[in-house]
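Okay, structure first, notes after.
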Amino acid sequence: MTAQDIIIAPLITEKSMSGIADKKYAFKVAKDANKYQIADAIEELFKVKVAKVNTMHMRGKNRRMGRYEGKTASWKKAIVTLKEDSKTISFFDGLI
């Protein structure tokens, strides 16, 4: 898998934006990627140094559309913490 296959999208939420001050960034990642692969992909894509990676599985939720009911897809989220001497990810700097 390439780095683009592992990191699907950045997560832009109120909670994830509050972590930027502590150099913590949230990403939607591939379900079968492990922490080492995620760390390597972040370092390759953004040219930063990763200190640690926390991952969690987000379950799909039940949703209704009128009288029909369905389920949203489950996905995997990664919280990436950068090292103190690392530069920030410039993509997120423009959002603050």
Gap separating the [atom1] atom of [X] from the [atom2] atom of [Y], nearest 0.5 angstrom:
{"X": "Ser18", "Y": "Asp22", "atom1": "OG", "atom2": "CG", "value": "8.0 Å"}
{"X": "Phe46", "Y": "Tyr25", "atom1": "CZ", "atom2": "OH", "value": "10.0 Å"}
{"X": "Ile42", "Y": "Leu82", "atom1": "CD1", "atom2": "CG", "value": "8.5 Å"}
{"X": "Met58", "Y": "Leu11", "atom1": "CE", "atom2": "CG", "value": "8.5 Å"}
{"X": "Glu43", "Y": "Ser86", "atom1": "CD", "atom2": "OG", "value": "8.5 Å"}
{"X": "Gln37", "Y": "Asp40", "atom1": "CD", "atom2": "CG", "value": "8.0 Å"}

| task | Just jot down the salt bridge (Lys or Arg N to Asp or Glu O under 4.0 Å) partners of Lys49, sequence neighbours excluded, or say none. | result | Asp85
| field | Joint cluster assignment, Leu45 & Ile79, ILVMFWY side-chain distance < 4.5 Å | value | no
| message | In this structure, would Met56 and Val50 fall into the same cluster of hydrophobic residues linked by side-chain contacts under 4.5 Å? | response | no
Would one find more than 12 heavy atoms of other residues, nucleotides or ligands at under 6.0 Å from atom [atom1] of [X]?
{"X": "Glu69", "atom1": "CD", "answer": "yes"}
{"X": "Met65", "atom1": "CE", "answer": "no"}
{"X": "Arg64", "atom1": "CZ", "answer": "yes"}

For a quick test of your reading: what N or O donor-acceptor pairs under 3.5 Å do the side chains of residues 71-78 make, sequence neighbours left out?
residue	atom	partner	partner atom	Å
Thr72	OG1	Lys61	N	2.8
Thr72	OG1	Lys61	O	3.3
Ser74	OG	Lys31	NZ	2.9
Lys76	NZ	Ala33	O	2.6

| message | Before you tell me yes or no, could you show the steps for Ile38 and Thr55 under side-chain contact (heavy atoms from CB on, under 4.5 Å), namely the whole-Å CA-CA distance, both residues' side-chain angles and the distance that decides it to 0.1 Å? | response | CA-CA 9 Å; Ile38 294 168; Thr55 60; 3.8 Å; yes
| request: Among Ile, Leu, Val, Met, Phe, Trp and Tyr joined by side-chain contacts under 4.5 Å, find the other residues sharing a cluster with Ile8 and list them by chain and number. | output: none
| message | Main chain of Ile20, side chain of Lys23: is a donor-acceptor contact present, judged purely on distance under 3.5 Å? | response | no
| Worked verdict on Ile7 versus Lys28 for side-chain contact (heavy atoms from CB on, under 4.5 Å) | CA-CA 6 Å; Ile7 307 301; Lys28 184 175 183 179; over 6 Å; no
| task | Kindly assign one of parallel, tilted or perpendicular to the pair Phe27 and Phe92, based on the angle between their ring planes and the thresholds 30° and 60°. | result | perpendicular
